[in-house]
Protein chains: 2
Amino acid sequence: MGAKPQLIVKGRKFDQVLEGARNVFMRDGFERASVDDIAREAGVSKATLYAYFPDKRLLFLECASAECRRQAADAESHIDPNAPIADVLRLAAERITAFMLSEFGQRIYRVAVSESENFPAIAQEFYHSGPKLVQGRIAEALRCAVERGEVAIDDIPFAAAQFAQLCKVDIQDRLIFAPAPCCTPQDTTRVIEGAVAMFMARYGVKV
Amino acid sequence: MGAKPQLIVKGRKFDQVLEGARNVFMRDGFERASVDDIAREAGVSKATLYAYFPDKRLLFLECASAECRRQAADAESHIDPNAPIADVLRLAAERITAFMLSEFGQRIYRVAVSESENFPAIAQEFYHSGPKLVQGRIAEALRCAVERGEVAIDDIPFAAAQFAQLCKVDIQDRLIFAPAPCCTPQDTTRVIEGAVAMFMARYGVKV
DNA sequence: GATGTTCTGAACTGAGCGGTTCAAATTTAT
DNA sequence: ATAAATTTGAACCGCTCAGTTCAGAACATC
């Protein structure tokens, strides 16, 4: 049989550890997560865990980095640069709101904010593999649309940031601060349509 | 001499305790703040502290509530409902960005997010005495402007939320996630002017 | 099935923290 | 001055948690 792809990981349980840590850290944050809990969740002995990661902080850093990479990979959507810009924006808005509404999106944001002071490196990585990356994608699409003459924009990155921001209207704050059932699909749709309408009103070229 | 205003507080050191707790909680968050630290910061013995607040959580709740009230009081600015709406919005935007950029604004947001899961009541109070309140103020101003025929808006609260959101473009994320020197006054001005321009393009009535 | 590696489980250390206690000291009120 | 209320400091309890240790079991490899 063909040799299985031998990864650089030293032992069998490496991935289990990372997976378990991911769950617990995302659930409880860095401080409240206990190493014993992580070991239990990972189905691994504490000794094994410490064989791989001699320090809780290192384990957290590794997890957070992995999550950021995963997040960036998930954002790898193919944007059709030839579609009408309003459609492209609507699609982007749908992805942004969906991410915010997802369990994963909320948890990672919370953890990133909470630990941004103790782990500034992680905060930066999150920023670049999340908001900044999205902004860049939108900017690319806008650049195409400007060339096609659909929109007139002087500061493209800024306009992209404005649009991304408009997608969060009322959703982000309520998700974080208000109790659970706070964003109906209708709300989301209104935010998305509102964002597109506002953006086109500002930058759209009258036909 | 006239009797000093006797507050309902039982002892002399009550305010000291609250003040010290405020500082430490805002610096370290709930979990990382130690009661011994708070007592030291307040210049008060641990026994005294526990005489007033028999529980760390109660102390935190009291502090957070007080901060929310303070925050709401600070927002008590007089909006001239007869001024042109663009000017009103510009002023509101300046206040919003100034708050975000302030040390206080950043700390309270961070703490609110961090503790929103363990203290949902606090999170809600923060939301209502902060973002929600601001949104309400803007909505009022918009209502006047609609009556004057300066703008045409169907969903006023939503439009207010949109504007408030536009004031945070790129600032909020960078303040939280990126290292310190990240927002020049020029950046801020661009965000404010960009928000007003966009809002007026969408809702302004052509003269 | 022998050998070397990885994993286990459970006990242990040491430190920090929330919360308590109390006799003595200080402040305030009468 | 005296009595009552408040504050102090320091020791103390019980608990949790990060990190260590190690003899032996499970596993992989040849």
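Keep in mind that what you see is a predicted model, and the values were worked out from it rather than measured. Every chain is numbered from 1 and lettered A, B, ... according to where its sequence line falls, protein lines coming before strand lines.
- If you measure from atom CG of Asp37(B) to atom P of dC17(C), you get 7 Å, rounded to the nearest angstrom.
- Rounded to whole angstrom, the span from the NZ atom of Lys56(B) across to the P atom of dG19(C) amounts to 8 Å.
- The interatomic distance linking Asp36(A) (CG) with dC15(D) (C1') rounds to 13 Å, in whole Å.
- The shortest side-chain heavy-atom distance between Met26(B) and Phe104(B) falls under the 4.5 Å cut-off.
- A 4.5 Å side-chain heavy-atom check between Phe99(B) and Val134(B) finds every atom pair outside the cut-off.
- The aromatic rings of Phe53(B) and Phe14(B) sit tilted, their planes meeting at an angle between 30° and 60°.
- Taking 4.0 Å as the cut-off between side-chain N and carboxylate O, Arg190(B) and Asp170(B) do not count as a salt-bridged pair.
- Between the side chain of Lys56(A) and the backbone N or O of Phe30(A), at least one donor-acceptor pair lies under 3.5 Å.
- Here dC17(C) presents its P atom at 16 Å from CG of Leu59(B), a figure rounded to the nearest Å.
- If you check every strand for non-hydrogen atoms under 4.0 Å, Ala39(A) touches nothing.
- A salt bridge links Glu117(B) to Arg107(A): at least one charged side-chain nitrogen sits closer than 4.0 Å to a carboxylate oxygen.
- In this structure, the nucleotide among dT7(D), dT20(D), dC7(C) sitting nearest to the side chain of Arg12(A) is dC7(C).
- Note: CG (Asp28(B)) to P (dG16(C)) measures 15 Å, nearest angstrom.
- The CZ atom of Arg40(B) sits 18 Å away from the C1' atom of dT7(D) (whole-angstrom rounding).
- Side-chain N/O atoms of Gln162(B) and Tyr203(B) include a donor and acceptor closer than 3.5 Å.
- Within the structure, a side-chain polar atom (N or O) of Tyr52(A) is placed less than 4.0 Å from OP1 or OP2 of dC7(C).
- When the P atom of dG18(C) is taken as reference, atom CZ of Phe30(B) falls 8 Å away, rounded to whole Å.
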*Reading 5' to 3' through nucleotides 8-14 of chain D, protein heavy-atom contacts under 4.0 Å coded B for base, S for sugar-phosphate only, - for none*: BB-----

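- Residue Glu31(B) contributes atom CD, which lies 12 Å from atom C1' of dT16(D) at whole-angstrom precision.
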